[in-house]
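What follows is a single structure, written as C-alpha cells, with notes after it.
Note that the coordinates shown come from a computational prediction; the quantities given were computed from them, not determined experimentally. Every number for a ligand or one of its atoms is a count from 1 in the order of the listing. Computed over heavy atoms, backbone and side chain alike; hydrogens, waters and symmetry mates excluded.
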Amino acid sequence: MEITIRTGDVLGEPAELAVLLSLEDAALPAALAALVTPSDFRGRAKQTRLLFAAGAGPKRLLLIGLGKPEKLTADHLRQAAATATRQAQELQIAAFTLGINGDLPLNANVTGQALAEGLELGAYRYQRFRTNLTDEQTFTVERATLYGADATALQASVAVGQTIARGVAFARDLVNTPPNVLTPAALADEAIALGKRLGLNVTVLDKAQLIEGGFGGIIAVGQASANEPRFIVMEYGQPSEATPTICLVGKGLTFDSGGLSIKPSDSMATMKTDMSGAAAVFGAMQVVAELKLPLHVVGLAPAVENAISGNAYRPDDVITTLSGKTVEVLNTDAEGRIVLSDALHYARRYNPAAIVELSTLTGAIIIALGPHAIGMMGTDQALAERISRAGEASGERVWQLPLWDEYREMIKSEIADVKNIGGRPAGSITAAAFLATFTGDVPFVHLDIAGTAFAEKPAKPYDAPGATGVGVRLLSAFLREYGG
Ligand code: BES
Ligand code: ZN
Ligand code: ZN
C-alpha cells in the first residue's frame, strides 16, 4: 500500500473513508462533538464506531479508540491502524485518510513506524492456493493518507515501518507455504533469490556437502526424508571495527512428523510452521539489507524435514555433531536442538559479538507463556536485556527463564556428551541448556517461539489466521538499536 503524509485536518478533506484514532476522553473536534455523545464513543481501547456523513468532507468516518494516554503503547497504534485497514478492505474502499485525536504520549518516529506496520500488516492474507476467489476477496486497499504535524519524522518512520512489515509478510508467506511445496531445497532457493534481490552473499550446502563437512546432526534428522536437507548461509555486510558481527540462527524444519517418536495426528497438523525461526531470520535479513544497517549480519538456517522411513534416525542412536560433541538420541521428536547444534557451532567461525537463535522448539513454552510472549534463555545478561528492550519496543515481548547449571546437569548422558531430552520438568529450559552446549563463550540468546509463531484465531488485528511472522519485528528492533 502507498502511505502518504499530509499536514492539516483529516476531517476537512474529502474522502470515501476517514479514520480518526482517538485517545480516551479526548475532546472530539467541534463538528463531531455535536453528533457523537460520550455514550456513543469515548475512545476506549479497541472501541470502534462507523458514521456516515453528508457534505464536502469524508463520506464515512471510522472512530477507533486508543484507550487512556498513560496506558498507550506503540502496539495500540499498530492494532488500531490494522483495524482501519481491515475496515477499509471490508467496505471495499481503496483509499482512506487517517488522523489522530488527542495528544499522543509517543514521538513521531514511534508513531509513524507503528502506524505503518499496522496499516500494512492488517492487509496481509495468504491466498496462494485459493482458486476462484471473488473480487471482494481479493480487494486491496491501495492508499492511506496520514495526517500529522511532524511530516518529516513521520515520512522517515513510515518508510521504516513499511520495510519491517514487508519483512514480516515475507516470513508469513514462507511459514504458510505448505510443506510439500516448501521443502528444504525450496527454502534454500528462497534464500538464493533473496540474495540476488538484495545483494546478500548466500551459500547453500547440499546433502553431499553436509556429509563431507561433518554436519552429523542435520544429516541424522534429515536422513529419512526424500526431501534432502540443506544448510543455508546468508551474509549481509562485512566484519569491521564499526560493524560488529551478529549471527541469527533459525530452526528450519519444513515439516516435523516427530520421526520414529511419531507425533499424534492432532499435534502433527500445523508442523509446517516448524521453520518459523528460519522464516524470521529470512525476514530480518531482508529488513537489514533494505535499511542498510551498519552491521555485519550472518543468517544461518538448517533446512530439514523430520520424516519416517526405514532409514530414519532412531531413539538410542548416538550422533557426532559438527562440533565433535556426541548426542544420545532418546526422542526423535526433539530434533530441532539436534539440527541447531550444528548451526550454532558453525556460527562460532564468524567470531560473532552475539548469536540470537529462534526456534519453535518446545511445546512446554506454550504451556508456560501461551501465545503472549516469546520464551527467552541466554548466556549473556547484557544481550538478553537488549532483546528484552527490543521486545517492548516492537510489541513482540519476551519473557526470560533461567539457564542455571542445574539445568545443564539434566541433559548429561551416560553414553554420550549430552542427551536430547531432559524429561518433562523444565522442558523449555533443558532444551535451551542443550543448545548452550554448542555456543561456547559467545554471548547467546535462545528465543522459543513455539507459542507465538502461529495462530488459527489471532488475538491482534495485525495478525491473520496462520503464521504471525513473529521475530521479524523483534530482530529488526534489536538490530536497529545495535547498529544505531
Ligand atoms: N516442533 C516441536 C515443538 C512445537 C510444539 C512447536 C508445538 C510448535 C507447536 C518440537 O520439535 C518438539 O516436538 N518438541 C518436543 C520435545 C520433547 C520430545 C522433549 C515437545 O515439545 O513435545
Ligand atoms: Zn519435534
Ligand atoms: Zn520441531
Side-chain angles (χ1 to χ4, degrees), residues 175-176 179 182 184 187 217-218 220-225 227 229 249-280 301-308 312-317 319 327-343 357-375 377 401 407 410-411 413 418-435 446-456 466-471:
V175 175
N176 285 328
L182 196 85
L187 187 59
I218 294 175
V221 173
Q223 72 195 23
S225 178
N227 302 311
V249 180
K251 174 176 173 182
L253 265 287
T254 60
F255 190 72
D256 179 12
S257 70
L260 290 177
S261 312
I262 191 168
K263 287 182 183 294
S265 313
D266 288 349
S267 340
M268 200 188 295
T270 73
M271 277 303 139
K272 67 172 181 182
T273 64
D274 214 16
M275 36 61 70
S276 297
V304 189
E305 178 174 357
N306 187 17
I308 302 175
Y313 86 127
R314 39 186 109 51
D316 285 354
D317 281 0
I319 299 166
V327 175
E328 180 188 10
V329 178
L330 289 171
N331 187 317
T332 63
D333 197 12
E335 83 300 333
R337 62 198 77 180
I338 298 177
V339 301
L340 287 167
S341 74
D342 286 347
E357 169 273 331
L358 304 92
S359 46
T360 45
L361 203 63
T362 66
I365 206 68
I366 311 176
I367 304 303
L369 300 173
H372 303 301
I374 296 167
M377 287 133 271
L401 298 172
Y407 297 107
M410 293 168 73
I411 50 159
S413 162
V418 282
K419 52 187 179 186
N420 83 326
I421 53 170
R424 275 171 58 88
S428 299
I429 304 179
T430 53
F434 182 99
L435 298 176
H446 157 62
L447 299 167
D448 195 333
I449 56 172
T452 45
F454 186 82
E456 249 148 75
T468 60
V470 72

Proximal atoms of ligand 1 relative to N331 (non-hydrogen, under 4.0 Å): 18 (C)
Do L435 and L361 touch side chain to side chain, with heavy atoms closer than 4.5 Å? yes
Sub-4.0 Å atoms of ligand 1 with respect to non-hydrogen atoms of I421: 19 (C)
Heavy atoms, side chains only, cut-off 4.5 Å: are F434 and L340 in contact? no
Starting from atom 20 (C) of ligand 1, what is the nearest protein heavy atom, named by residue and atom, and what distance separates them? G363 N, 3.8 Å
Write out the residue and atom name of the closest protein heavy atom to atom 16 (C) of ligand 1, then the distance separating them to 0.1 Å. R337 NH2, 3.9 Å
Pairwise side-chain contact, V175 with M275, heavy-atom cut-off 4.5 Å (strictly under): yes
Looking at D256, which atoms of ligand 1 are within less than 4.0 Å of one of its heavy atoms? 1 (N), 2 (C), 10 (C), 11 (O), 13 (O)
May I ask you to list the atoms of ligand 1 that are less than 4.0 angstrom from any heavy atom of M271? 1 (N), 4 (C), 5 (C), 6 (C), 7 (C), 8 (C), 9 (C)
How many angstroms lie between CG in L187 and CG in L182, if you round to the nearest 0.5 Å? 5.0 Å
Going by heavy atoms, is K251 under 4.0 Å from ligand 1? yes
Separation of F454 CZ from I449 CD1 (nearest 0.5 Å): 13.0 Å
Report, in ascending order of atom number, the atoms of ligand 1 lying under 4.0 Å from any heavy atom of E335. 11 (O)
Need the ligand 1 atom indices (1-based, order shown) with element for anything under 4.0 Å from a heavy-atom of K263. 2 (C), 12 (C), 13 (O)
Less than 4.5 Å apart, side chain to side chain, heavy atoms only: is that true for K263 and D333? yes
Is any N or O atom of D274, backbone or side chain, closer than 3.5 Å to an N or O atom of ligand 1? yes
Side-chain contact, heavy-atom cut-off 4.5 Å: M268 with I262? yes
Worked verdict on S276 versus T360 for side-chain hydrogen bond (donor to acceptor under 3.5 Å, both in side chains): CA-CA 7 Å; S276 297; T360 45; 5.4 Å; no
Contacts of the Zn ion (ligand 3) with protein N/O/S atoms, counting only those under 2.8 Å: K251 NZ, D256 OD2, D274 OD2, E335 OE2
Under 4.0 Å from a heavy atom of I366: give me the atoms of ligand 1 that qualify, with their elements. 7 (C), 9 (C)
Can you check whether S359 reaches H446 side chain to side chain, under 4.5 Å on heavy atoms? yes
Backbone N or O of I218 within a donor-acceptor pair of the D342 side chain at under 3.5 Å? yes
Heavy atom of the protein closest to atom 12 (C) of ligand 1 (residue, atom name, distance): D333 O, 3.1 Å
Taking all heavy atoms of N331 and all of S261, pick out the closest pair and write down the distance. OD1-CB, 3.1 Å
List every atom of ligand 1 that sits less than 4.0 Å from any heavy atom of L361, numbering the atoms from 1 in the order shown and giving each element. 3 (C), 10 (C), 12 (C), 14 (N)
Flag the pair E335 and K251 as a salt bridge only when some basic side-chain nitrogen lies within less than 4.0 angstrom of an acidic carboxylate oxygen. yes
